[in-house]
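Both backbone and side-chain heavy atoms feed into the values below; hydrogens, waters and symmetry mates do not.
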Amino acid sequence: MATLPNPLPKLAADPSGRCLGLELPPGTLIDATDEGPWHEPLLWCADERAVPGGWAALEPARRTVGLLPLVVEVGDGHGGPRDWQLAPAEVSYPGDHDPEEVMADHWAAYATADAAPWPGLAPEASPVATAVPAVDPDSVASGVASSLLAGGGPLKEPRPALVFARRSADIPAAIGWTGPANHETDVARLCAVLRSWEDRFGIRVVALGFDHLLVSVAFPPTTLAEAEAVAAEHVAFCPDNLRQDGDTTLRGYAERRLLDQPTWHFWWD
């Protein structure tokens, strides 16, 4: 499948990003992988924490050159992306996987003996029913990211970053992220799920740490029944979430973590 050239190498000669129509703070191009340097940069990461509005300053890159903004966590004890053992050579293409098959596989692998069969995908959220006036998923992502960069969230030391990816859901695969390796060795399969959530719930990948991921949600479930249906998908996507929540029931998890919530946070132990 034909793709545009990766514009990140241009930042090696012009770190300011002016050649791409940007005004970037000092930053570093990351090409480190588990097998040595990659043939091109996987992402650009700012050297210092951004002030609020740092995400908005990166948004022109999405519109003009296909670089997607991201927040990366460097303060969780695992260092920054250079230390994450990125493995782009081990990642397939997200579009080659069926999201429901991926979740059904994981549901079967992690379900207890008395668990119900895989219930299937939750219904698509309706932007018309859940938001008046209509909500823009990218605007929701910008607000969530600004809060993270201002210190309002679960990240200890967030930094703005840019990734060359076809769509937001593909960001983990684009850099060969290995955060869920104990659960899924090919992160592209989970990106297929993220693509489905993009289409149904308006999610955007906003932040990555060594082993955790945070997405914004433009159209979250607004009833408990809807939230429980989505909770089943969360268990298949990241079963550690339910255990870490301190409640083994989908209803309890749905009430606390999903109902009308603008962010979903996943952490693989």
Side-chain angles (χ1 to χ4, degrees), residues 55-56 59 68-71 98-104 106-107 110-111 115-150 152-155 167-172 190-208 212-268:
W55 178 278
E59 286 190 320
L68 303 186
L70 179 70
V71 176
D98 179 87
E100 183 160 16
E101 288 182 4
V102 171
M103 285 187 279
H106 284 304
W107 179 271
Y110 289 92
W118 164 243
L121 296 181
E124 179 177 358
S126 170
V128 175
T130 58
V132 179
V135 173
D136 174 24
D138 292 316
S139 296
V140 174
S142 180
V144 170
S146 294
S147 177
L148 292 173
L149 291 171
L155 306 188
R167 53 193 285 183
S168 178
D170 292 356
I171 285 175
L190 296 186
C191 287
V193 176
L194 292 173
R195 282 184 169 202
S196 177
W197 289 348
E198 266 191 348
D199 296 338
R200 288 182 291 141
F201 305 110
I203 71 101
R204 295 292 186 267
V205 174
V206 171
L208 287 177
H212 56 102
L213 175 153
L214 186 145
V215 304
S216 61
V217 190
F219 313 118
T222 58
T223 70
L224 187 53
E226 292 172 348
E228 281 192 77
V230 177
E233 297 190 24
H234 278 220
V235 171
F237 186 79
C238 180
D240 290 329
N241 261 32
L242 196 65
R243 292 191 287 267
Q244 293 157 7
D245 192 58
D247 194 323
T248 58
T249 66
L250 293 182
R251 177 173 288 263
Y253 177 85
E255 285 180 322
R256 285 191 297 276
R257 301 280 293 275
L258 300 182
L259 196 59
D260 294 314
Q261 293 300 308
T263 61
W264 295 344
H265 193 193
F266 304 94
W267 174 36
W268 290 267

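In this structure, the side chains of Leu155 and Leu214 stay at 4.5 Å or more apart for every pair of heavy atoms. Within the 4.5 Å cutoff, side-chain heavy atoms of Trp55 are placed close to those of Val206. Using a 4.5 Å heavy-atom cutoff, the side chains of Met103 and Val193 are in contact. The closest side-chain heavy-atom distance from Val215 to Phe201 is not below 4.5 Å. Counting heavy atoms from C-beta outward, Leu213 and Leu194 have side chains that approach closer than 4.5 Å.
What you find for Trp264 and Arg257 is that their closest heavy atoms are CD1-O, 4.2 Å. Minimum heavy-atom separation, Leu121 to Glu100: N-OE2, 3.6 Å. Ile203 approaches Glu198 most closely through the heavy-atom pair O-CG, 3.2 Å. Between Pro220 and Leu258, the shortest heavy-atom distance links the atoms CB-O, 4.2 Å. For the pair Trp107 and Pro117, the tightest heavy-atom approach, listed with the atom from each and the gap, is NE1-C, 3.5 Å. Closest of all the heavy-atom pairs between Ser216 and Val140 is CB-CG1, 4.1 Å.
Using modelled atom types, no side-chain atom of Arg204 and backbone atom of Pro137 make a donor-acceptor pair closer than 3.5 Å. Of the possible polar contacts, none joining the Asp170 side chain to the Cys191 backbone as a donor-acceptor pair under 3.5 Å is found. A donor-acceptor contact shorter than 3.5 Å links the side chain of Ser146 to the backbone of Ser142.
Using cut-offs of 30° and 60° on the angle between ring planes, the pair Trp197 and Phe266 is parallel.
Taken from NE2 in His106 to CH2 in Trp118, the straight-line distance is 11.0 Å, to the nearest 0.5 Å.
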